[in-house]
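As structure tokens, the structure follows; a few thoughts come after it.
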Amino acid sequence: MESTNSKYVGENGIHRVPVWRIVGFSGANMAVNLYMGLTMIMSFYLNGYVGLGVFLASSFSTIMRLWDGVTDPLVGFVVDKFGGKVGKTRLCLIAGGIILFINSFLMFNVTDRLPEGPIRPVFFVVFTLLFYIGYTFLNISNHVGNVCLTNDPSQRPILSIVGTVLVRISRALTQMYVSYLAVKYGRMSSAELFHDYWLLTAVAATIGIIIAYISIAPKDIPRFSATSQKNAPKVSLKDYWRVLTKNRPLQMMIVARATDMFATTCKTSAVVLVIFGIVIGNYELNGGFTLYTTIVGLIMMTLGIGTVGRKLGMKKAMQMGSWGVLIFDTIGILCFLLLDPKTLCLPGYVNGYGEAFSGFSLFTVALFLVTVIGGGFQMITSSIVPPMIADVNDYEASRSGKFIPGMVGTLFSFMDKMISSFGPMLVGLGFVAIGFKEKLPDLDTPYTRSLLVFGLCFYFGLEIIGAVCNLIAMKYYELTPEKMKEVQATIHRMRQEQND
């Protein structure tokens with residue numbers, strides 16, 4: 001094994017990987033996001049077929065994300081304790097892929113075919129609990145895999161660039177597909193919509209997981225994920241507390257990520273429907289507009305991470321992205337308040353007044369620029385997180401002498417989910433506050449000023465708050481490029497001392 005993997009190792013403990021393996025491993029991140037997409041529109045299924053009211057349907061994701069957070073430390077401990085022989089990343093990919101495929105099928109293809117009554121919510125809840133255990137495994141595979149895949153400062157930003165491009169394109173295409181299905185079946189709360197959407201998600205995610213497994217295989221060994229190949233450090237649950245209290249960079253990443261994810265989880269499909277289906281007046285525009293803006297936004301994100309991340313460090317990239325979100329989301333709110341949203345139109349679509357495309361309106365141009373530029377900055381803040389967590393893992397190894405990416409990754413996820421899980425519940429409270437207690441707004445809901453204010457608060461407002469929190473957290477994040485050189489040198493010295 002030593003000779004087989006020597007081609008990946010450079011000087012001073014820096015190890016690299018062919019770029020095609022970075023591209024291939026991004027399939028795991030794509031799979032995580034595809035399955036997350038199912039949960040983002042889950043409230044319509046819960047409201048329409050499981051029998052839950054608006055507040056409970058919106059709060060269901062909060063409860064399940066809390067459960068997801070509880071399982072994180074346990075799964076992370078299992079991965080670090082028993083994943084050495086199998087390969088920690090591959091263990092997560094296999095377990096997560098199988099559990100998610102089976103349970104998502106049962107949730108969205110069987111529940112609506114059961115007799116109405118208590119059996120539906122009980123059945124759905126049981127298999128949703130199992131679904132999130134699989135989600136935890138698959139999510140950890142990214143944190144663990146990013147550590148052993150490469151520690152080369154010039155390659156780690158590529159993890160984010162490739163992963164984000166793949167995820168954003170797949171997300172844009174699936175949003176277009178969901179918009180198409182909603183128009184095809186006449187409503188979001190259609191069982192047929194969920195059946196079709198599940199099939200696309202499951203097939204694409206499974207392909208991504210298989211490719212990721214093949215790509216990570218030669219690097220998913222102790223040589224690239226331990227400080228000692230001979231004497232593995234003892235791992236206990238007490239390590240969670242030590243890591244949380246003594247790892248300052250991890251604390252700052254939790255603040256930055258949790259507030260961003262809180263804003264993301266609040267931007268549910270119901271909020272998007274309010275903005276595009278009611279305020280703008282044509283929900284089908286959501287898919288087309290997302291595809292148009294995603295492509296240009298990805299170019300911005302690539303330049304941001306590729307240029308700033310690789311030359312000035314990922315901390316600078318996070319700061320730059322956060323300032324961009326703060327500025328352009330504020331401009332986005334002003335566009336909706338000062339211009340006419342119903343004039344949004346693209347070639348091949350009609351606007352909110354039912355008029356065919358006859359040229360780009362001022363609102364279309366303004367929202368396009370805000371979404372492209374602001375979305376590009378937002379992509380920087382979200383996509384820079386995986387390599388930053390990989391750096392945090394290396395910092396922890398240099399600090400404590402233990403490579404415990406499973407525990408560090410799940411501790412990060414646990415704190416992230418505990419905070420961000422209340423997003424959907426807040427959305428539900430918002431709907432109840434403006435009069436939607438029994439049924440979520442749908443395509444036939446008339447426009448009101450309260451829906452406009454509601455939509456702007458959850459679509460733009462919370463992202464602004466998240467950006468401010470990012471800027472504060474980055475003031476205390478110490479892992480600059482110079483600091484990471486010291487970290488890698490320390491780890492290299494540890495390996496030489498312990499393996500001699």
Side-chain angles (χ1 to χ4, degrees), residues 40-48 52-62 175 178-179 182-183 186-189 259 262-286 289-290 325-326 328-345 350-354 361-364 366-367 370-371 374 420-468:
M40 293 297 286
I41 66 170
M42 187 165 58
S43 58
F44 287 98
Y45 192 80
L46 290 163
N47 189 224
L52 301 185
V54 170
F55 178 69
L56 285 177
S58 300
S59 302
F60 188 81
S61 292
T62 296
Q175 283 183 358
V178 171
S179 300
V183 174
R187 57 197 174 105
M188 283 288 293
S189 56
T259 51
F262 184 83
T264 299
T265 56
C266 282
K267 196 182 286 188
T268 64
S269 56
V271 172
V272 175
L273 185 142
V274 168
I275 289 293
F276 280 89
I278 300 174
V279 176
I280 291 175
N282 183 3
Y283 185 65
E284 198 171 4
L285 276 167
N286 172 42
F289 193 74
T290 300
V325 171
L326 177 62
F328 283 94
D329 274 13
T330 301
I331 297 173
I333 292 175
L334 294 176
C335 287
F336 274 86
L337 295 177
L338 301 178
L339 302 175
D340 185 358
K342 290 189 180 297
T343 61
L344 177 69
C345 197
V350 297
N351 64 20
Y353 296 110
S361 67
L362 179 58
F363 179 81
T364 301
L367 188 63
V370 164
T371 305
S420 65
S421 61
F422 290 95
M425 180 181 288
L426 184 62
V427 173
L429 286 171
F431 275 126
V432 171
I434 61 174
F436 293 89
K437 298 180 180 180
E438 301 298 329
K439 186 179 178 182
L440 287 167
D442 216 320
L443 299 180
D444 56 353
T445 303
Y447 168 86
T448 63
R449 187 73 176 179
S450 60
L451 280 171
L452 171 64
V453 174
F454 170 91
L456 293 180
C457 286
F458 285 100
Y459 199 80
F460 292 113
L462 292 177
E463 282 189 353
I464 293 174
I465 295 174
V468 172

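Predicted model, so just to flag it, every value in this text is computed and none were measured.
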For this session: Measure up the Phe431 and Phe436 rings against each other and bin them: parallel (under 30°), tilted (30 to 60°), perpendicular (over 60°).
Result: perpendicular
Which heavy-atom pair separates [X] from [Y] by the least distance, and what is that distance?
{"X": "Val350", "Y": "Cys345", "answer": "C-SG, 3.7 Å"}
{"X": "Ala182", "Y": "Tyr283", "answer": "CB-CE2, 4.2 Å"}
{"X": "Leu451", "Y": "Pro446", "answer": "CD1-O, 3.6 Å"}
{"X": "Gly466", "Y": "Thr259", "answer": "O-OG1, 3.8 Å"}

Seminar exercise, completed: Sorted by chain and residue number, the side chain to side chain donor-acceptor pair (under 3.5 Å) partners of Ser450 (sequence neighbours excluded) come out as Thr448
Problem set entry | Residue pairs involving residues 454-467 (criterion side chain to side chain donor-acceptor pair (under 3.5 Å); sequence neighbours excluded) | Lys267-Glu463
Exercise. Between Asn282 (side chain) and Glu284 (backbone), is there a donor-acceptor pair under 3.5 Å?
Worked result: yes
Exercise. Taking the side chain from Ser361 and the backbone from Thr343, do they hold a donor-acceptor pair closer than 3.5 Å?
Worked result: yes
Contact check, side chains of [X] and [Y], non-hydrogen atoms, under 4.5 Å:
{"X": "Leu367", "Y": "Leu339", "answer": "no"}
{"X": "Asp340", "Y": "Phe363", "answer": "no"}
{"X": "Ile275", "Y": "Phe336", "answer": "yes"}

Seminar exercise, completed: In Val271, Val279, Leu337, Val274, the residue satisfying side-chain contact (heavy atoms from CB on, under 4.5 Å) with Leu456 is Leu337
